[in-house]
Amino acid sequence: MKRIKIKDLLQMEARDEHVLLKGWVRTKRGSKNVNFIALNDGSCLANVQVVADVNNFEEDTLKNVTTGAAISVVGELVASQGSGQNVEVIAKELTVLGPADPDKYPIQPKRHTLEFLRENAHLRFRTNTFSAVFRIRHAMAFAIHQYFNQKGFYYLHTPLITASDAEGAGQMFRVSTLDPKNPPLTEEGNIDYSQDFFGRSTNLTVSGQLEGELGATALGEVYTFGPTFRAENSNTTRHLAEFWMIEPEMAFYELDDNMDLAEEFLKFCIQYALDNCMEDLVFLSKRLQEEEKSKPQAERSMELIEKLKFVLENDFVRCPYTEAIDILRNSKPFKKKKFQFPVEWGTDLQSEHERYLVEKHFKRPVILIDYPKDIKSFYMKQNPDGKTVAAMDVLFPQIGEIIGGSQREEDYEKLVTRMDEMGVPAEEMDWFLDTRRYGTVPHSGFGLGFERLLLFVTGMGNIRDVIPFPRTPKNAEF
RNA sequence: UCCCUAGUAGCUCAGUUGGUUAGAGCGGCGGACUGUUAAUCCGUAGGUCGUAGGUUCAAGUCCUACCUGGGGAGCCA
């Protein structure tokens, strides 16, 4: 007999023929004569209720049907006599495939804290919350490929191991096969990387952008979607040492095209979640509402599904940096000296400023553009004013920066001059500069933090809860 | 990395101005119960109070350092 998944079973009408189910026990309840088993197989959030007449089974069999155990059931799909579900399965045969010692199994049929489940990340998939989160994670990954594929973008695999240390996007993880206790040294006493595996110093990538530009200036429109590594000592709810990033890079796109793409792309992903993950979203929303009850009214956030729809229905605000500074300097918190950090043209906006703009002033996603050139990367397109660059940061409520991108500087001379000013070694990046030497064109791109998108879509508060096995400072468990 | 905060049973927590044998709910186990919905009821086991020092007649409680978690900040996606 072929196994049927619970997701499909719950769509079916009650019928006479037998069905075969396999899954993990969430709870077992019951009385002297009858046991009720809530069975889940991961195919959907809902459990199916398996009803077992105690007299039909060995005592030992039912004794081993405990929370966490894997079982196989053959039974009849019938209309339920109880009120919690439409159909249920009357068990005719029941086998315990893998018992779970109830004295030791850590996941109890009750509410656990997210912190506890994080420490048991290998088992947290077996909870409603995390199974919902990771089904949505899958759906979002799928949506991203679907979006770019239908727009004619090519999925480009950029290297994870890189020799270029010139991207300036922060601390990198070194990749080496040298003996850490006794590395070969040069005459000057430095580590001799010419003897290392690649014959030079190498690191894990912090961005696939530069290689993406190589692809875009031939294939037209490309995107990367892969792991990214940053060795920053960041301890926040929105940073990981290993995370997944989507980086589209497009020839012939100027900043406006770049913004249009970013907005359309984010809205496509959110729409996809609403169309395909409603059961999980409703569950996460209810869970969130429970949590919000303990907060004061003013701090409560919008209901999850309402919030997703709100983003879909409203245009993102596009605001130049200079204008944002004016808004902030005229704001109540600025005048009442409520901001902890100063607001001055030329300095980067702090979290408190971004949150004011997004959550209080505009009350919708904001794309800030045209930042002062000195606080942005060397590769960004220099604006005619000589002071700003064509950068864009997409800011979302609660999460902050979800996308960072720009139009790229395509002029060889301007780019090399800027690299020189910012101390970026041009000689090591000859391969990159070739894009500007030969057939250079206006082009643009951005980076989307996949887990930050998931924070928004799932409503989870900590980025460690939207990636299966989070890597953060002092934590590489599992 | 900085600031704040926490660490007591498998889980979530209580534990008074330092004072006798460290408590509850849930979960586990045993039993009861005519179909339950986080079932209910009765009973029962379960603890090196994060680690190492220190103060004191006496430390879960006070002090110091370290470890780990959480919140915020910085860095960013």
Side-chain angles (χ1 to χ4, degrees), chain A residues 26-38 46-55 63 66-68 78 80-85 88 90 100-120 123 127-128 167-171 206-209 224-225 227-247 262 290 340-341 348-352 354-355 375-377 393-396 399-405 446-456 461-467 472-475 477:
Chain A
R26 285 293 176 75
T27 62
K28 184 179 72 172
R29 301 175 287 270
S31 63
K32 192 161 69 177
N33 297 320
V34 64
N35 277 188
F36 302 94
I37 302 160
N47 303 322
V48 67
Q49 174 155 283
V50 174
V51 185
D53 187 329
V54 171
N55 303 312
K63 204 174 176 181
T66 58
T67 301
V78 300
S80 179
Q81 295 174 36
S83 59
Q85 55 283 316
E88 63 191 16
I90 306 293
D101 184 343
D103 210 31
K104 294 184 180 142
Y105 184 64
I107 311 296
Q108 297 166 5
K110 64 171 225 168
R111 198 182 174 85
H112 285 108
T113 60
L114 295 173
E115 290 82 10
F116 172 76
L117 292 169
R118 214 171 287 150
E119 283 168 22
N120 292 278
L123 295 171
T127 63
N128 286 334
E167 296 166 45
Q171 289 293 108
V206 293
S207 164
Q209 180 198 319
T224 72
F225 185 176
T228 309
F229 308 89
R230 305 243 170 120
E232 301 288 347
N233 192 6
S234 298
N235 292 288
T236 78
T237 52
R238 40 184 200 289
H239 288 87
L240 292 164
E242 177 183 286
F243 64 100
W244 289 67
M245 187 154 65
I246 298 101
E247 294 181 288
E290 283 295 311
Q340 202 187 330
F341 292 91
D348 216 349
L349 298 180
Q350 304 294 317
S351 291
E352 57 178 356
E354 294 180 351
R355 293 191 68 151
I375 58 172
K376 288 291 182 183
S377 303
D393 285 359
V394 181
L395 308 179
F396 264 35
I399 293 155
E401 185 176 344
I402 195 169
I403 278 179
F446 60 81
L448 167 77
F450 185 49
E451 285 78 16
R452 290 198 180 167
L453 174 65
L454 287 170
L455 280 181
F456 186 74
N462 192 319
I463 202 162
R464 293 161 207 199
D465 295 332
V466 296
I467 190 168
T472 52
K474 308 275 186 225
N475 181 13
E477 194 63 35

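Residue numbers start from 1 in every chain, and the chains themselves are labelled A, B, ... in the order their sequence lines are given, proteins ahead of strands.
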Inset, instruction - Just call it for F116(A): base, sugar-phosphate, or nothing, with non-hydrogen atoms closer than 4.0 Å on any strand. - result: sugar-phosphate

Legend entry - Min side-chain heavy-atom separation D465(A)-R118(A) under 4.5 Å: yes

Legend entry - Side chain to side chain, H239(A) and E232(A), heavy atoms closer than 4.5 Å: no

Inset, instruction - Please state how far atom CG in N120(A) lies from atom P in rC11(B), giving the value in whole angstrom units. - result: 9 Å

Legend entry - Whole-Å distance separating the CG atom of N55(A) from the P atom of rC33(B): 13 Å

Inset, instruction - Report the residues that fulfil side-chain hydrogen bond (donor to acceptor under 3.5 Å, both in side chains) with N55(A), sequence neighbours left out, ordered by chain and then residue number. - result: D53(A)

Inset, instruction - Calculate the interatomic distance between I402(A) atom CD1 and rA77(B) atom P; express it in whole Å. - result: 13 Å

Inset, instruction - Could you tell me whether I246(A) contacts a base, only the sugar-phosphate backbone, or nothing, with contacts defined as non-hydrogen atoms closer than 4.0 Å? - result: nothing

Inset, instruction - Specify the separation, in whole Å, of atom CG of D103(A) and atom P of rC11(B). - result: 13 Å

Legend entry - Under the side chain to side chain contact (heavy atoms under 4.5 Å, CB included) test, residues paired with T113(A) that sit two or more places apart: E115(A), F116(A)

Inset, instruction - Could you tell me whether the side chain of E477(A) reaches within less than 4.5 Å of the side chain of E119(A), counting heavy atoms only? - result: no

Inset, instruction - Calculate the interatomic distance between K104(A) atom NZ and rG10(B) atom P; express it in whole Å. - result: 13 Å

Legend entry - Atom-to-atom span, CE of M245(A) to P of rC76(B) - whole angstrom: 13 Å

Legend entry - Euclidean distance, atom CZ of residue F243(A) to atom P of rC76(B) [Å, nearest integer]: 12 Å

Inset, instruction - State, with a plain yes or no, whether a side-chain heavy atom of N462(A) is found less than 4.5 Å away from one of L114(A). - result: no

If you restrict it to nitrogen or oxygen atoms, what contacts under 3.5 Å exist between nucleotides 46-48 of chain B and the protein, and what is each distance?
none

Inset, instruction - Just jot down the side chain to side chain contact (heavy atoms under 4.5 Å, CB included) partners of Q85(A), sequence neighbours excluded, or say none. - result: Q49(A), S80(A), E88(A)

Legend entry - Qualifying residues under salt bridge (Lys or Arg N to Asp or Glu O under 4.0 Å), relative to E451(A), sequence neighbours excluded: R137(A)

Legend entry - side-chain contact (heavy atoms from CB on, under 4.5 Å), paired with V466(A), selected from L240(A), L454(A), L453(A): L454(A)

Inset, instruction - Specify the separation, in whole Å, of atom CZ of R230(A) and atom C1' of rU1(B). - result: 18 Å

With the criterion being N/O to N/O and under 3.5 Å, what pairs connect the protein with nucleotides 50-52 of chain B, and how long is each?
none

Inset, instruction - Answer with base, sugar-phosphate or nothing: what part of the nucleic acid does E88(A) contact at a heavy-atom distance below 4.0 Å? - result: base

Inset, instruction - Using the test salt bridge (Lys or Arg N to Asp or Glu O under 4.0 Å), find all partners of K376(A) that sit at least two apart in sequence or belong to another chain. - result: D393(A)

Legend entry - Flag, side chain of R230(A) to backbone of V206(A), donor-acceptor distance under 3.5 Å: yes

Inset, instruction - Measure from the side-chain N and O atoms of R452(A) to the backbone N and O of E401(A), and report whether any donor-acceptor pair falls under 3.5 Å. - result: yes

Legend entry - Those residues that, when tested against K104(A), pass salt bridge (Lys or Arg N to Asp or Glu O under 4.0 Å) (two or more places apart): D101(A)

Report all interatomic pairs (protein N or O, nucleotide N or O of nucleotides 67-75 of chain B) with separations under 3.5 Å.
unit_1, atom_1, unit_2, atom_2, d
rG70(B), OP1, R118(A), NH1, 2.3
rG70(B), OP2, R464(A), NH1, 3.0
rA73(B), N6, N235(A), O, 3.3
rG74(B), OP1, Q350(A), OE1, 2.7
rG74(B), OP1, S351(A), N, 3.3
rG74(B), OP2, S351(A), OG, 2.9
rG74(B), N2, N233(A), O, 3.2
rC75(B), O2, S234(A), OG, 2.6
rC75(B), N3, S234(A), OG, 3.4
rC75(B), N3, H239(A), NE2, 3.0
rC75(B), N4, H239(A), ND1, 3.1
rC75(B), N4, H239(A), NE2, 3.0

Inset, instruction - State, yes or no, whether a side-chain contact exists between N33(A) and V54(A) at a heavy-atom distance under 4.5 Å. - result: no

Between N or O atoms, less than 3.5 Å apart, protein on one side and nucleotides 4-8 of chain B on the other: list the pairs.
none

Inset, instruction - Compare the minimum distances between each of rA77(B), rU34(B), rU12(B) and the side chain of E401(A), then state the nucleotide with the smallest one. - result: rA77(B)

Inset, instruction - Could you tell me whether P106(A) contacts a base, only the sugar-phosphate backbone, or nothing, with contacts defined as non-hydrogen atoms closer than 4.0 Å? - result: nothing

Legend entry - rA45(B) to rC62(B) separation - C1' atoms, rounded to the nearest Å: 34 Å

Legend entry - RNA chain B stem ranges, 3 or more consecutive Watson-Crick or G-U pairs under 3.5 angstrom: B:1-7 with B:67-73, B:10-13 with B:23-26, B:28-32 with B:40-44, B:50-54 with B:62-66

Inset, instruction - Mind checking I403(A) for me? I need base, sugar-phosphate or nothing, with any heavy atom below 4.0 Å counting as a touch. - result: sugar-phosphate

Legend entry - Smallest separation among heavy atoms of P109(A) and T27(A), with atom names: CB-CG2, 3.1 Å

Inset, instruction - State, yes or no, whether a side-chain contact exists between F450(A) and I467(A) at a heavy-atom distance under 4.5 Å. - result: no

Write down the protein N/O and nucleotide N/O pairs, taken from nucleotides 37-41 of chain B, whose separation is under 3.5 Å; answer none if there are no such pairs.
unit_1, atom_1, unit_2, atom_2, d
rU37(B), O4', R29(A), NE, 3.4
rU37(B), O2, Q85(A), OE1, 3.4
rU37(B), N3, Q85(A), OE1, 3.3
rU37(B), N3, Q85(A), NE2, 3.3
rU37(B), O4, S83(A), N, 2.9
rU37(B), O4, Q85(A), NE2, 3.3
rA39(B), OP2, R29(A), NH1, 2.6
rA39(B), N6, G30(A), O, 3.0

Legend entry - Main-chain N/O of Q108(A) paired with T67(A) side-chain donor or acceptor, under 3.5 Å: no

